[in-house]
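Okay, structure first, notes after.
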Amino acid sequence: MVVRSMTWLRARVSRGWLLLLVPAAGLFTGCNELPGARTDPANTFAYGGTMARELGDLYMMTFWWATAVFVVTMAAFFLALWRFRERPGNPIPRQVHGNTTFEVMWTIAPTLVLVIVGIPTIQKLFELEHPPAGQPPLEVEVIGHQWWWEFRYPAELGGFVTASDLHVPVGRPVQLALSSEDVVHSFWPPRLAGKRDVFPVPATTPWRKNHMWFNVAEPGIYYGQCAEFCGIQHAQMRFFVVAQPENEFLAWAQRQSQPSPNASNSEGQAAFLRGGCVACHVVNTSTPDPNQKLLGPNLAHVGSRLSLAGGTLENNDENLARWLHDPQAVKPGTKMVLPNPLSEEDIQTLVRYLRSLQ
Ligand code: HEC
Ligand SMILES: [Cu+2]
């Protein structure tokens, strides 16, 4: 079998057409306008802002150097295969093992390539460490939980808390401080920035808090995902960056910082108490006490969110009822464990109540 395929390969190689495949393969893999390039929400080449573009440029620069190395090496390889192929009566070619000139050449050449790729990479690392000066960034605390993301907005905006939806103003840099409430996660908005590991940060090691910044050029919804395997529902630990014009963003922040008009609905509150939801949730727009560790998202404006349970479900009445009926069936392993199953009536009351928290 092996012998047969070697004969097959040799027959083709000697025709030389394999040489053509090499640059062709390079062109195809380097192409960033493949079908769907602009619509795939996780396409890192559909740059959403400055950070994404800078990282993309760096990647493409490395990619083209790697392609050049590949083409040159493969060309030399196939040339040697062809030039020194076995022919009847040919003597064994002169052996160049231990040739000093070659040894020096193939030590210097890769070193040069590494230096050429390395210098701009390290330069960029330092340059991209901080958001561009000039505009004060929006600072948001990001907290990873198994399996949802929490976002805490700064005191100037009201110090409110959201889950899964990270609203940001278009054009302004966003500076995130990342920490985890449990295991190691990784924050990744593919069209906006790279991945950043998110560690548990005890008070004794505050330097473990990681940071990330990006800006968004166009209004829209940008998909995000936890990129570190963090347990059974790792894949359902998503988020959405909702980029809005500054005035819309400020109006949204204003609404989030005030209690929803329906928050004090007594029927809803009673069902919330009866269901034991208060063990893990608050419906609260005031700045959270950093020492208060809640297992579940703050539900103050849950009705206004795009999704439920870390992007598992679209946020609508039907899905919320499904979630309250049996969270474990929707997202097996979720930390939302109800003390008692809810009555059909309480589910309906809670759906009405929570969905009205806009
Ligand atoms: C043992 C803790 C716990 C209890 C009790 C609990 N929850 Fe949860 N809840 C969670 C956790 C954890 C999540 C996040 C689940 C995930 O995405 O994996 C969650 C998510 C939710 C969400 C989705 C919120 C969002 O922004 O994605 C809603 C709505 C919700 N719970 C409502 C309730 C209601 C109503 C009750 C009471 C009947 C309740 N929960 C009881 C822990 C709890
Ligand atoms: Cu995670």
Side-chain angles (χ1 to χ4, degrees), residues 19 21-34 37-38 40 42-80 99-137 139 142 171-178 184-199 207-218 222 224-225 227-228 241:
L19 279 178
L21 277 183
V22 177
L27 278 179
F28 279 120
T29 43
C31 179
N32 55 15
E33 286 297 343
L34 295 172
R38 296 287 143 188
D40 178 352
N43 180 4
T44 51
F45 292 112
Y47 310 132
T50 313
M51 173 61 100
R53 180 169 301 280
E54 295 275 3
L55 293 176
D57 287 351
L58 205 56
Y59 173 82
M60 289 316 287
M61 186 266 298
T62 314
F63 173 82
W64 287 117
W65 275 105
T67 307
V69 170
F70 181 78
V71 169
V72 170
T73 321
M74 286 296 131
F77 173 63
F78 283 112
L79 193 73
N99 182 304
T100 314
T101 317
F102 278 144
E103 295 281 351
V104 170
M105 263 169 50
W106 61 54
T107 306
I108 290 180
T111 311
L112 265 182
V113 173
L114 283 186
V115 169
I116 291 170
V117 171
I119 289 177
T121 305
I122 292 168
Q123 259 175 354
K124 268 285 175 280
L125 278 184
F126 282 99
E127 194 187 310
L128 293 178
E129 174 86 13
H130 300 289
Q135 256 177 320
E139 292 183 24
V142 176
R172 193 155 129 215
V174 184
Q175 170 91 55
L176 307 176
L178 308 151
V184 178
H185 301 278
S186 172
F187 190 80
W188 186 38
R191 293 190 53 200
L192 302 175
K195 298 169 181 173
R196 270 294 141 87
D197 275 2
V198 180
F199 306 111
W207 42 264
R208 274 198 190 174
K209 211 172 254 195
N210 251 341
H211 295 269
M212 166 191 271
W213 74 267
F214 58 77
N215 54 22
V216 191
E218 299 279 337
Y222 297 80
Q225 164 75 56
E228 176 87 35
V241 178

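Residue numbers run from 1 in the order of the sequence given.
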**Request:** Check step by step if side-chain contact (heavy atoms from CB on, under 4.5 Å) holds for Met212 and Lys195.
**Result:** CA-CA 9 Å; Met212 166 191 271; Lys195 298 169 181 173; over 6 Å; no
Is the shortest heavy-atom distance from the side chain of [X] to the side chain of [Y] under 4.5 Å?
X	Y	result
Arg196	Ser186	no
Asp197	Glu228	yes
Gln225	Pro190	no

Straight-line distance of [X] [atom1] to [Y] [atom2], nearest 0.5 Å:
X	Y	atom1	atom2	result
Lys124	Glu129	NZ	CD	14.0 Å
Leu55	Leu128	CG	CG	6.0 Å
Trp213	Leu176	CH2	CG	11.5 Å
Leu58	Thr121	CG	OG1	4.5 Å
Arg53	Asn215	CZ	CG	11.0 Å

**Prompt:** Yes or no on side-chain contact (heavy atoms from CB on, under 4.5 Å) for Thr44 and Tyr59, after CA distance, side-chain angles and deciding distance?
**Reply:** CA-CA 10 Å; Thr44 51; Tyr59 173 82; over 6 Å; no
**Item:** Aromatic ring pairing Tyr47/Phe45, orientation class (parallel under 30°, perpendicular over 60°, tilted between)
**Value:**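 Geometry flag for Phe45 against Tyr47: perpendicular rings.
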**Message:** The test is side-chain contact (heavy atoms from CB on, under 4.5 Å); show your working for Val184 and Val198 and say whether it passes.
**Reply:** CA-CA 6 Å; Val184 178; Val198 180; 5.9 Å; no
